[in-house]
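Naming convention: chains lettered A, B, ... in sequence-line order (proteins, then strands); numbering from 1 in each chain.
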Number of protein chains: 2
Amino acid sequence: MTGQDVILGILAVEPKSGYDIKKKFENLFSYFFDASYGTIYPTLGKLEKEGLITKENVVQQGKPNKHIYSITEQGRVKFQSYLESDIQENVLRSDFMVRLIFGELADPQMVAGWINNALQRSQAELLSLENDYERMGPNMSPTQELCIQIGIGNIRSQVQVLQDGIARLRTINNNMEAPSHE
Amino acid sequence: MTGQDVILGILAVEPKSGYDIKKKFENLFSYFFDASYGTIYPTLGKLEKEGLITKENVVQQGKPNKHIYSITEQGRVKFQSYLESDIQENVLRSDFMVRLIFGELADPQMVAGWINNALQRSQAELLSLENDYERMGPNMSPTQELCIQIGIGNIRSQVQVLQDGIARLRTINNNMEAPSHE
DNA sequence: CCTTGCATGTAAGAAGTTACATGATTGA
DNA sequence: TCAATCATGTAACTTCTTACATGCAAGG
């Protein structure tokens with residue numbers, strides 16, 4: 001699975017501009033995929049050259065013009081062949097967890113800061129995802145619901161483990177900062 | 001955080017060969033970081049050239065020679081500066097979750113296959129991680145324990161959500177394959 | 001006036017993977 | 001005899017990010 005496959009999939013649902021696609025990544029895909037404009041625009045150009053999508057120039061008043069891309073029959077075939085390919089394993093890259101491995105090499109105050117920071121981020125992301133689910137839930141397909149449930153379950157578990165971990169580390173060693181109240 | 005930072009960190013704990021470092025990635029880091037030999041060896045060469053590590057040739061009998069790398073004082077300073085840098089956000093790339101988003105564009109039988117497959121993988125990884133924790137737990141630092149607890153919590157949650165999801169989808173639509181018993 | 005949103009793109013470079021190339025030893 | 005383990009490395013390629021470049025309109 002590359003950016004190409006995902007972009008083609010988005011256009012298989014409905015025609016969109018590069019800007020719209022970026023929006024999709026920020027909303028629907030944020031917790032398990034992302035791509036920047038530096039990927040999106042060159043990919044759209046490439047897909048068009050290959051005949052998998054077509055471009056239409058849409059003039060707007062009061063706003064810049066848009067290039068709306070639509071998938072072709074060839075594009076649909078290509079996307080189906082992605083769906084039939086083997087599933088790639090999940091890849092997680094976590095700076096936070098790498099640092100936990102090296103915890104003994106770092107100042108305990110700093111480690112405490114990392115953990116509190118991670119907890120705060122996780123709590124914020126949990127709220128945000130739960131909010132998305134409430135807003136979009138009724139419009140989601142069953143598998144899209146499953147997807148966001150996985151995301152929410154993951155973060156909820158992470159928040160729990162971090163809270164327990166902070167409490168436990170505090171008893172081992174009085175180095176944890178008090179959690180900040182905002 | 002790049003491969004460089006992590007490799008330097010591993011050598012900050014104790015001297016190792018490229019081969020040993022790969023082993024570490026497969027054992028300790030598997031669920032949140034990985035690097036191939038194609039990253040490890042060129043990185044070791046670069047770090048040596050920069051004076052952050054030193055190489056020692058170790059002759060072995062019955063086995064190929066090893067290049068054991070040790071961190072220098074300069075290397076330790078560099079690694080500390082990584083630890084003091086801002087934490088990068090977690091990045092997850094999940095082909096499975098991408099496909100769940102496009103579930104409506106795929107054959108329901110195929111979707112059922114994806115989910116059962118993901119469940120089986122998750123269950124296998126859960127067993128493997130729990131096993132690691134049992135084996136290595138007593139030798140782990142408190143923050144390393146926290147790290148593996150996060151990993152286990154994540155997968156456990158994923159298994160739960162997938163199991164519930166399979167049951168729910170089965171009531172919606174009689175397309176789910178019976179789980180295989182191995 | 002300043003920021004946000006809308007909107008498209010390029011260029012340089014970082015980072016990493018895959019496949020290739022080599023070769024001895026051990027155990028089944 | 002065959003596979004796995006030990007062990008190091010290169011080259012070509014893919015993929016993606018960051019920074020740059022541009023510019024209008026609306027709202028506070």
Compute the angle between the rotation axes at the two ends of the helix from dC1(C)-dG28(D) to dA28(C)-dT1(D), each taken over five pairs, rounded to 10 degrees. 50°
Nucleotide by nucleotide, nucleotides 15-23 of chain D touches protein heavy atoms under 4.0 Å in the pattern (B base, S sugar-phosphate only, - none) SSBB----B
Anything under 30° is parallel, anything over 60° is perpendicular, the rest tilted; go ahead and classify Phe25(B) against Phe29(B). perpendicular
How do Lys55(B) and Lys23(B) order along DNA chain D: which one's closest nucleotide is nearer the 5' end? Lys23(B)
Contact under 4.0 Å: Gln60(A) side-chain N or O vs dA7(C) OP1/OP2: yes
Glu89(A) atom CD is separated from dT17(C) atom P, nearest whole Å, by 14 Å
Test side-chain contact (heavy atoms from CB on, under 4.5 Å) applied to Pro15(B) - qualifying residues, sequence neighbours left out: Ile68(B), Ser70(B)
Asp20(B) atom CG is separated from dT5(D) atom C1', nearest whole Å, by 13 Å
Quick check: does any side chain N or O of Ser157(B) sit under 3.5 Å from a backbone N or O of Gly153(A), one acting as donor and the other as acceptor? yes
Please determine whether the number of non-hydrogen atoms from other residues, nucleotides or ligands lying under 6.0 Å from atom NZ of Lys16(B) exceeds 12. yes
What is the distance from OH of Tyr41(A) to P of dA7(C), rounded to the nearest Å? 9 Å
Within 6.0 angstrom of Glu50(B) CD, more than 12 heavy atoms from elsewhere: yes
For atom CG of Leu44(B) and atom C1' of dG16(C), their distance in whole Å: 15 Å
State whether a side-chain donor-acceptor pair under 3.5 Å links Ser128(B) with Asn131(B). no
Non-hydrogen atoms of Ala12(A) and Leu105(B) that approach each other most closely: CB-CD1, 3.9 Å
Take the protein atom CD1 of Ile68(A) and the nucleotide atom P of dC6(C), then report the distance between them rounded to whole Å. 13 Å
Under 3.5 Å, side chain of Gln144(A) to main-chain N/O of Ile101(B), donor-acceptor pair present? yes
Quickly work out the His67(B) NE2 to dA7(D) P distance and round it to whole Å. 12 Å
Reckon Phe25(A) touches a base, only the sugar-phosphate, or nothing at all at heavy-atom distances under 4.0 Å? nothing
For dA7(C) and Lys66(A) - does any side-chain N or O of the residue sit under 4.0 Å from the phosphate oxygens OP1/OP2? yes
Rounding to a whole Å, what distance do you find between Tyr19(A):OH and dC24(D):P? 17 Å
Euclidean distance, atom CD1 of residue Ile7(B) to atom P of dT8(D) [Å, nearest integer]: 13 Å
Evaluate salt bridge (charged side-chain N to carboxylate O under 4.0 Å, His left out) for Asp20(B) paired with Lys24(B), printing each intermediate quantity in order. CA-CA 6 Å; Asp20(B) 295 337; Lys24(B) 272 274 152 189; over 6 Å; no
